[in-house]
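In this text, all values refer to a predicted model and were calculated from it rather than measured experimentally.
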Amino acid sequence: MNIDDKHLQPPSSITRIVDDSASDDEMVTATSNITPLVPAEKLDSAAPSQMPGGNDSMLSVDQNTEQNLGHGEIAPQGEIPATQPSMDLLDRIKGMYRLLDLVNDTAIGGSVDKVVIAQESIESLANTIQPNSYSSMTKVDFRALDKHAIRPQGVYGSKSSIVGFFEELGRLDAETRSLLLAPRDEASGTNRPFMRPGLYLVDAREADRDLFYVVFWPEETTWDDDAGSSVSRNRVTFMRYLKKLCDQLVCLISEEHAQNLVWGDEGTEGNVDDDIEDDDVNERLYAFSVEQTQSQEDSASVHEGFSFQHHSISVSNACNLPAGISSEQLLPRIVVGEQAQGILRVEYNHGEYGRSKVNMKRTRKAMINYLKSDQTPQIQLGEHITRDSLSVLLELGLGTRCGDIEASWVAQCAEESDKRASSIEDRRKADIAKVDETMRKFRASLKIWLPNQASSFFPSLSEEALIASLMEEGSPQQIGAEERNDAIRDVENTLSFASWRQNAVSSLENKLKRISEASGPDYRDIKTRCLEIRFILENSTLDEKVAQQFLDLLFSEGNFESLFNNLCASVSSSSATANQGDGIARKMWTTASSWLLGTPGKRQLVLKKMPATASIPNDISFWKSLERDARLNPAYNEAKELVGNHLIHEIKNTLIYVRNEITQKVRSVISRQMTAIREKDFEEGRKVELDDAWNRLRERMRSFFAPKIDATRSCLQITQITRETGGNRHVEESFRLIGWEIKPRLADFRYTFFPMEIKAEDLQQVSMNADHICKPGISEHRKQTFEIRVGTTLQLFRLIGKDGCIVVLQDRDSLRIFYDSLSGISNAIEKDRHKKLLHLIRIGHESLIAVEETRRHLALLSRKSASGNSSQLFFTDMHAGFTSD
């Protein structure tokens with residue numbers, strides 16, 4: 001058995017040896033190497049090691065070209081015999097994933113072993129590390145995967161030892177163990193579960209943080225001396241990929257193989273491929289010897305120096321320094337170089353926050369995703385965020401991040417709304433009852449106010465009579481002065497409240513003016529008799545006796561026209577007798593009576609002689625004329641009383657109509673006013689309640705998010721979010737979010753480099769006098785500043801040439817080397833554009849660095865163990881871009 005001796009050591013049972021021989025060029029992290037292994041299709045997990053006709057579900061990896069790792073060629077097309085998933089022992093081992101698989105391709109006319117990428121298993125690995133990161137071959141969330149670190153450690157060796165290793169990890173049961181150790185040959189057939197040769201990844205994070213084992217599961221004859229050429233090539237290929245994936249290798253050797261080891265010496269001919277690997281390692285080994293001679297003597301000489309004063313060499317304020325940071329770290333330093341020097345000043349900056357304005361516009365779906373916790377982990381709500389913005393945020397699903405706050409708030413708002421609706425209904429019923437009571441009193445008071453207003457049109461009519469005509473039966477007919485005044489005052493106040501007094505007075509006037517002639521025939525006949533008799537009396541000179549006879553006809557029974565004609569005839573006969581006498585008076589009476597009463601004195605002749613102005617007037621005018629006549633002639637009093645009773649009846653009907661009209665109008669006005677007042681009060685109350693409710697929600701949500709804020713991470717503070725809908729209805733609805741992104745600025749050290757320059761006169765003096773002492777000055781305009789976070793140490797700041805510098809920074813996990821100009825070093829550190837990255841897990845935490853400026857060489861001597869028994873020397877050439885170690 002011929003196995004590379006640099007990886008083996010005789011064990012008692014199982015021996016593990018760490019191999020750090022992989023070059024830095026070959027050293028890659030799990031993220032950088034596993035991620036490129038992009039799967040194409042799902043690989044049948046139970047397919048045998050032979051793959052007839054190829055398989056497009058795997059990506060082929062060229063065995064002769066290392067650069068093809070992770071890119072691979074597509075395996076030839078073919079069909080894979082259907083097998084059951086249970087035939088693959090990988091499914092029985094918890095936390096184990098296949099990275100590279102060995103298949104047999106017969107599609108090109110021969111049988112060729114090919115190493116292919118196991119896509120399905122890598123997909124499962126990616127989704128285990130970061131759920132939903134791997135959807136398809138073309139849809140992989142590399143950004144999410146980059147957040148996770150993997151520390152791979154390689155394992156290879158004898159099958160039995162690897163099985164024992166799996167047992168130590170607690171991944172095997174008895175049946176799986178026996179199946180893994182069962183021999184795999186032609187006689188065994190293919191119906192027994194087995195595990196195909198290849199590279200496998202075992203998740204061991206429960207044992208150590210970020211720890212994964214990359215295990216090479218060999219073929220049956222991988223380690224045999226008489227292994228076939230294809231088996232040997234497969235071994236070399238898998239070992240090459242194992243070294244690329246892992247910095248450290250552990251070789252597990254069974255006792256059987258340990259006894260058969262053949263240790264290489266000068267007379268031993270080893271495997272050609274193994275010799276090539278030995279040569280590669282030997283080229284990276286250096287031999288050193290320390291010589292000390294007794295002839296060397298220590299000596300020292302003192303020369304005159306110089307001094308200068310500048311603020312760059314002053315110590316910065318060392319007050320309020322946190323624990324772990326001493327004032328000595330803030331002392332200024334001298335930075336040296338063969339062609340330039342300077343002063344490096346150190347200041348400590350306490351952590352603070354920076355704010356940047358956020359003004360983004362996104363579609364509904366994009367904004368919903370943006371507000372989710374996985375994209376925006378930390379959110380603050382502005383102190384004065386409006387209810388409209390809160391409503392939009394709830395619509396976009398922000399409330400789902402606040403537990404049951406939204407649900408309880410909605411329930412509380414619904415309860416308050418029900419109470420408000422109940423209160424509105426109670427207020428409405430109370431207002432209706434109040435209106436009914438007001439109108440009842442108002443209607444009763446109108447029975448006094450209306451007659452009071454009507455009496456101003458009919459001074460001769462009794463106001464008490466008008467009031468009595470409006471009172472119902474059983475009501476008191478006599479109204480006291482105080483009650484009358486109270487009623488009038490109550491109506492005036494109600495009409496003023498309803499802003500309808502002027503309308504009420506105008507309506508009453510119009511209705512009283514339109515009181516028409518009486519419709520009753522008796523009243524109309526009496527009215528006509530009065531007009532005719534008044535015309536005769538006004539246009540003739542009859543004595544009182546005759547005039548009284550005509551007035552008696554007003555209420556005489558029988559045919560008025562016949563009685564009137566007989567009286568006229570009698571007057572005519574008397575006028576003829578009187579005409580026989582002498583005297584001017586007799587003649588005048590005879591003449592007046594003759595033309596008025598006529599001969600033989602028919603009534604129709606009298607009506608014809610009445611002027612048009614004497615036609616039947618309305619009741620009001622007629623009543624006023626009767627008042628005048630009654631004052632002149634008491635005979636009209638009876639007619640006046642009759643017409644007055646009729647007029648009171650007409651006024652009563654008019655007042656009732658006006659009362660109903662005023663009552664209806666005033667009720668409508670008062671109801672509208674009270675409804676408006678009620679709605680205004682409740683609307684103002686509703687706004688106050690809603691504002692209080694939204695304020696409660698805002699404070700609850702702000703209080704919910706506040707304790708979850710991590711001061712070391714960025715936070716989105718939302719001050720406003722609005723809905724923006726375009727004019728085109730086919731355009732998706734969008735939203736605009738305005739706020740601040742609060743980024744914490746962690747505490748750091750600010751380093752300011754002040755270059756030292758020699759004045760021109762000093763250079764001139766030195767050229768003439770070699771013993772001249774130059775006094776350099778500080779170039780303020782050329783100073784450069786860069787910042788380093790607390791926890792990172794400045795291991796080296798060295799000037800290279802006149803304008804270059806090299807900076808070495810060390811944190812808890814790595815050592816970063818920067819090489820740039822003085823003007824560009826700050827940007828390089830800020831952007832982390834390092835020239836070289838060394839992991840401390842590989843080189844150790846203690847190191848010494850030296851720079852040879854002329855040749856641009858950098859050497860790093862590190863001590864890997866605390867006991868100092870193991871040291872490493874790394875050497876790099878700055879001219880070659882830090883690519884050779």
Side-chain angles (χ1 to χ4, degrees), residues 296-318 326-349 749-788 793-810 817-830 835 847-861 876-879 882:
Q296 295 178 351
E297 296 182 0
D298 294 333
S299 62
S301 58
V302 179
H303 300 276
E304 183 182 356
F306 63 88
S307 63
F308 73 98
Q309 294 182 350
H310 192 266
H311 69 84
S312 62
I313 61 176
S314 62
V315 180
S316 61
N317 187 8
S326 63
S327 57
E328 295 180 356
Q329 295 177 254
L330 306 181
L331 296 176
R333 312 177 189 180
I334 298 179
V335 179
V336 299
E338 295 184 4
Q339 300 182 40
Q341 295 80 33
I343 304 295
L344 187 64
R345 189 170 188 265
V346 188
E347 298 174 278
Y348 176 76
N349 293 327
F749 292 100
R750 180 189 295 272
Y751 291 86
T752 305
F753 174 71
F754 297 89
M756 301 177 69
E757 294 182 345
I758 299 177
K759 300 178 181 179
E761 52 267 26
D762 283 337
L763 292 176
Q764 185 178 3
Q765 290 291 335
V766 168
S767 64
M768 296 183 296
N769 181 10
D771 295 331
H772 177 73
I773 304 300
C774 298
K775 294 184 179 181
I778 298 297
S779 178
E780 287 281 352
H781 68 281
R782 293 184 57 207
K783 68 179 181 181
Q784 300 295 332
T785 301
F786 60 90
E787 297 174 350
I788 299 177
T793 306
L794 179 65
Q795 293 291 83
L796 177 69
F797 190 104
R798 173 65 184 266
L799 299 177
I800 305 296
K802 293 184 177 181
D803 191 44
C805 67
I806 184 169
V807 176
V808 179
L809 302 179
Q810 179 178 334
I817 302 175
F818 299 87
Y819 179 46
D820 211 322
S821 63
L822 284 172
S823 59
I825 193 65
S826 175
N827 190 49
I829 294 175
E830 180 182 356
K835 298 295 184 181
S847 58
L848 295 176
I849 306 172
V851 176
E852 205 285 309
E853 183 175 345
T854 303
R855 297 182 180 180
R856 299 292 198 271
H857 288 170
L858 182 142
L860 185 145
L861 179 64
T876 185
D877 188 349
M878 289 182 279
H879 280 299
F882 295 87

(message) I want to check something: taking the side chain as every heavy atom from C-beta on, are Thr752 and Leu344 in contact at a cut-off of under 4.5 Å?
(response) no

(request) Please examine the side chains of Met756 and Ile778, heavy atoms only from C-beta on, and report whether any two atoms are closer than 4.5 Å. (result) yes

(request) Please test Leu848 against Leu860 for side chain to side chain contact (heavy atoms under 4.5 Å, CB included), starting from the C-alpha separation and ending with a verdict. (result) CA-CA 6 Å; Leu848 295 176; Leu860 185 145; over 6 Å; no

(request) Decide if atom CG of Leu331 counts as having more than 12 heavy atoms of other residues, nucleotides or ligands within a radius under 6.0 Å. (result) yes

(request) Write down the atom of Cys805, the atom of Ser821, and the distance for their closest heavy-atom approach. (result) SG-O, 4.2 Å

(message) Minimum heavy-atom separation for Ile773 and Gly305, please, with both atom names.
(response) CG2-O, 3.5 Å

(request) First locate atom CG of Leu822, then atom NZ of Lys783, and finally report the distance between them rounded to the nearest 0.5 Å. (result) 14.5 Å

(request) Enter the distance from Ile758:CD1 to Gln765:CD here, rounded to the nearest 0.5 Å. (result) 13.0 Å

(message) Going by salt bridge (charged side-chain N to carboxylate O under 4.0 Å, His left out), name the pairs with one or both residues in residues 753-774, residues two or more places apart or in two chains.
(response) Glu757-Arg782

Report, one line per pair, each donor and acceptor closer than 3.5 Å where one atom sits in a side chain of residues 793-800; sequence neighbours left out.
residue, atom, partner, partner atom, Å
Gln795, NE2, Gln810, OE1, 3.0
Arg798, NE, Val336, O, 3.4

(message) Under a 3.5 Å distance rule, please check whether Ser826 uses its side chain to pair with a backbone N or O of Thr785 as donor and acceptor.
(response) yes

(request) Identify, with sequence neighbours excluded, every residue that meets ring-ring contact (aromatic ring centres under 6.0 Å, His included) alongside Phe754. (result) His310, His311

